[in-house]
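Working notes, structure below.
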Amino acid sequence: MKEVSFGQFYPVDSFIHRMDPRLKLVFLIGFIVAIFVANSFYGLAACAGVLILIIAFSRVPVLKILRAVKGILFLVIFTAAINILFHTGDHVYWQWKIFCVTRGGIIFSAYLILRLVLLVVCSSMLTYTTTPVSLTDGIESLLTPLKWIRFPVHALALIMSIALRFIPILMDETERIKNAQKARGADFESGGPVKRIRAFIPILVPLLLSAFRRAEELGDAMDARCYGGKKRTKYKKLRFTWRDLVGFLTLALLITGVALLRVYVGDIV
Amino acid sequence: MRIQCEHLSYTYNAGSPFAVNALRDVSLTIEEGEFFGILGHTGSGKSTFVQHLNGLLRLPSSLKKYKPKKPKKGETPPPAPVLRVGDYDLTDKKTDFRALRKKVGMVFQYPEYQLFAETVEKDVAFGLKNFLQKGEKLSEEEIKSAVSDALSIVGLDGREMAVRSPFDLSGGQKRRVAIAGVIVTKPEILILDEPAAGLDPLGKREVMELLHNIHGDWCKTVLIVSHDMDEIAENCTRAAVFSEGTVAMCAPPAELFKNAEALLSLGLDIPLTAKLVLALKERGIDVDCDYTTEDFIAKVLALKGGRA
């Protein structure tokens, strides 16, 4: 019933959706490595090809993915502009004081844009196809080795999943408090920056109070159910399947390919 | 101020797969001076309806970016919605919605969770200061006296309360302070969403009593949204039953609860008095009452007296 729809998760059933979250996390890390190992257009094209395959198999609409790119559009344009203007080298096309546009600068910027976009699209593919809950499960499972050095992995995962669970609740609450204060004549849209920030105090104070109240209630409820102590079992167990094998092989192939390209083809810039 | 609403529809998340038709072609008129009840299940559209009355939810035609759609050929366009509160036309973009909000006070569910200021006085004065027109000023004394008036009508001692922190008060007191914070501007229409929710029976009765104190001189019209049938039966002059985004019934409680079967078929409860009337009817005794406890007891006693 709410105007806000939270989260990135796109609820369809697909090959990618069914993959193990651990594999997807590892894949993301591996993919990022590949993006930065690749130093030629062939390498980056290979990365992009794999990513397009992932998108095709995930059944997430392309429009949704473009929206993720839109979010970093400013960052991309800004970094590209800085790089074009300050990169020095041969083949100067244009120069003014300390700014110059060179062939190397343009190529470097193109690489940068491609890398940034690949990075963002790949990480948003992870959140589009994995629910926050299974993502935290995956992180918890991947961090298990840290338990040997007494790192509280389980507590960390719990904190993460509670935080994620509370985001929509708090957004709802914010909306409600905002409406209540609007009904009392609060104005959030006019005035200078200082006035606007001050206008949020009547929202923030009740919101913080209610967040603390909820946290306390949740803590009490967990206590009342004797949470903690013994080793906990999972309702949904993570299992590797043939899909994950396919994913793993793809990643291995990609990294090997990109590394070989780097060694034998070398830097094109 | 009279509330006139015709053909009002509202869809949340319009145009997305999550679209929900919260209101469908609702028509309802509420006269000045009524103590009006709005009944219905969760998700029946009652909250959506009342949020339209002070412009927290807007009709598309009152938004700046609105462009009228051209009707397709051979298709009759749906009747244009009408929503008027007093002299304010809520379908018009030129309407001053802040001025409207001053006239139509709204107390949300669990209003005590919207308190924020360091002292009760500052919190109650929040609305008062917000609604000042440009250039208009209130002196310290005027604010103080308005706040203490508002606190005293909700049954709190204005002088003693004013300097306390709203967070040190009891639950019932907080709710009264929150109500005072809305009525301090003397709105003509006061809307309350579940004003007695989460209170014990005594607290409920006290809240209803204070609403009756407010109704009349302070706020001409009072609208309460409620699940509690007894509350409606005891207090309201008229009530509307919302169901799946439409108004299923609208009548004075005495008529509404006569039709108990219809309410039950909508999955709603009926007041205790109506249940007793039904139980007596099954045993062949007809009690003709207006479903307030007082009247019911009087009528039953009269019957008993008549027989004995």
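We name chains A, B, ... by the order of the sequence lines, and we start the count at 1 in each one.
The candidate from A:D187, A:I177, A:L204 with the greatest count of non-hydrogen atom pairs under 4.5 Å with chain B is A:D187. Between chain B and the options A:I201, A:N179, A:I203, heavy-atom pairs under 4.5 Å are most frequent for A:N179.
Within a 6.0 Å radius of CZ in A:F248, no more than 12 heavy atoms belonging to other residues, nucleotides or ligands are found. Dense packing is recorded around CZ of A:R213, with more than 12 heavy atoms of other residues, nucleotides or ligands lying under 6.0 Å away. Residue A:F57 qualifies as open at atom CZ: its count of foreign heavy atoms under 6.0 Å is 12 or below. Around NZ of A:K182, the count of heavy atoms belonging to other residues, nucleotides or ligands within 6.0 Å exceeds 12. Environment of CD in A:E217: crowded, with over 12 heavy atoms of neighbouring residues, nucleotides or ligands closer than 6.0 Å. Annotation: B:E244, atom CD; neighbour count of heavy atoms from other residues, nucleotides and ligands within 6.0 Å does not exceed 12. Surrounding CZ of A:R198 are at most 12 heavy atoms belonging to other residues, nucleotides or ligands under 6.0 Å away.
Of all heavy-atom pairs between B:F126 and A:A186, the closest is CZ-CB, 3.8 Å. Across A:P206 and B:F116, no two heavy atoms sit closer than the pair CD-CB, 3.7 Å. A:G185 approaches B:R98 most closely through the heavy-atom pair O-NH1, 2.7 Å.
A:R176 forms no cation-pi arrangement with B:Y113, by the criterion of a distance under 6.0 Å to the ring centre and an angle within 45° of the ring axis.
At a 4.5 Å heavy-atom cutoff, the contact between B:F167 and chain A is made by side-chain atoms alone. The part of B:Q51 that comes within reach of chain A is its side chain, from C-beta onward, which places non-hydrogen atoms under 4.5 angstrom from that chain.
Ion pairing of A:R184 with B:D123 is present here, as a side-chain N (NZ or NE/NH1/NH2) and a carboxylate O approach within less than 4.0 Å.
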